[in-house]
Amino acid sequence: MSGPDPQDWRRWVVYQIYPRSFADSDGNGVGDLRGILAHVDYLHELGVDVVWLSPVFRSPMDDNGYDISDYQDVDPLFGTLADLDELIAELHARGMKLVLDLVVNHTSDEHPWFIQSRSSRDNPRRDWYWWRDKPTNWESHFFGPAWTRDDTTGQYYLHLFSAKQPDLNWENPEVRQAVYAMMRWWLDRGVDGFRMDVINMISKDTSLPETRPRPGSAYGPAGQYFTSGPRNHEFLQEMYREVFAGRDAHVLTVGEMPGVTIRDAVLFTDPARHELDMVFQFQHVQLDIGANKFDLLPLKLPDLKAAMADWQHGLAGRGWNSLYFGNHDQPRSVSRFGDDSPAHRVASAKTLATVLHLHRGTPYVYQGDELGMANSPFTALADFRDIETLSFYAGAEARGDVDLPALLLAMARMSRDQARTPVQWDASPGAGFTTGTPWLAINPDHTQVNAAVEVGDPGSVFEHYRRLIALRHQDPVVTDGDFELLLPDHPTIWAFLRRTAGAELLVAANFSAEVTALRLPLAASQAGDWAAAPVVLTSLTGETPLQPPPDLKLRPWESVVWRRARS
Ligand code: TEU
């Protein structure tokens, strides 16, 4: 089999590092760049092609670095610019690339641009942010009003997130040029791409209309006035021309886009339009969420399969998918979509990875998912650190309209802090993450779930990820194959085909703790051929499937991948 072109970005696998929680080199309880440097061989062994670093820039850390006060320096908490240069060099030396987080919908209120902007109504940078005499009734993503009054001038400024994250005014060409200059500076320094934070919120409806308030509230969500707004495509095309065009190597770009539709995502990712390589869509991570993220709904597997399949078909041949079940804003995927009980955690973590990575698109491995890390047993308010979680709780407490013990239970399932517990390197008290007191408690299960026991153990989640990533690198059908969902309505089986002219993969996964038997709906002409096809990957390492296709009998959380050539 001839392998895919290693220079083709479509075959790359991305690993996300949340630096605060990855590895702490100096014992202050917070992860840092030297901690990452100590683990680059681990990343290389896993086989990932690209590392995406959540923000390491200077920041007051109101939102753990998503509030930036200097885009061109590293926060002392994480290290120095020289450490970052060294990380770029060490990754490059191993054939890996580095993608930075670009957070330019907003800055910190401590960024010099905002300090100048707020200083007087006639400051030259006044118009770099959104100032109005009267606020609208928009709700911020972190709850409460999206406008805050500034005493210096008596006007209000817009912040779609916290009051310490004022929104930049992208209508102003000086703002855009300042952002592009900063991006070029990083690329010239050796960075290979950008993950762009809420980049579909940069173009607002400039008339800033009132929105419909939530029942019982003065404020309401206003997404329709800033999601994929009127000039969003124009701004991204301008960014492409000003920053990416004409560079020697491909600059990898992914836009984080809450609320993006398939129709818009096609426009954002159609290569002919020169905007972005891919977007993070949110459809499949909102299926179990009701009125807000702590209002939990039961998740039905057919809905999850359909959400993923819709994007496969919607972008096929026109754009490109990104694939994720978890990141620093989502709870642990094995706890949310799998089964984190001791009997099924390992098999279900592998099965989730198999299904995700064998869809068409670029897979994102969130730190710790390759170890099968699960949600922590959080019980008290004091267990949480995240601004989104804490401000939701404070609002609920102030209003008195929510059952607080029930809310704590929901927070334990959905809080962003679940993704942010320290990476579990070994069974020692600090989990190999820190010699000090971790900023957020380490999951007590680290005595069993950790890299030291998993690396090299053929049955581990880590080794399964390694095989899965290697499969993508060896077999072009993983990157190139089209996608066909089988059994869309089956409540617990997730099965699909991937197909190129030369080869075909059959993926079948049991998303339940019950042994499940069924016959796959394959055309009669095809069915016989599959019976002889070799297994290329299984979640139950060392076990052979109970039945060859098309008759399947899958053990609890078993997933199997078969491959055959097509003539
Ligand atoms: O998140 C975008 C976003 O919309 C968040 O509200 C996210 O959907 C939510 O946290 C899920 O519960 C990005 C970053 O990923 C996030 O960490 C930042 O807090 C946010 O932007 C502001 O920069």
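Start at 1 and go down the list; that is how both ligands and their atoms are numbered. What's counted below: heavy atoms across the whole structure, side chains too, no hydrogens, waters or symmetry copies.
- Test F114, W147, Y156 against W131 for ring pair (Phe, Tyr, Trp, His ring centres under 6.0 Å) and you get one pass: F114.
- Under the 4.5 Å side-chain criterion, counting only non-hydrogen atoms from C-beta, D288 is not in contact with P298.
- Contacts of ligand 1 (protein heavy-atom distance under 4.0 Å) are D63, Y66, H106, F142, F161, Q165, R195, D197, V198, E256, P258, F282, K293, H328, D329, E388, R416, R420.
- Under a cut-off of 6.0 angstrom, the local environment of CZ in R126 is crowded, with over 12 non-hydrogen atoms contributed by other residues, nucleotides or ligands.
- Between R420 and Y18, some side-chain heavy-atom pair lies under the 4.5 Å cut-off.
- Few gaps surround CZ on F384; more than 12 heavy atoms of other groups in view lie less than 6.0 Å from it.
- Taking the ring centroids of W130 and H159, they lie at or beyond the 6.0 Å cut-off.
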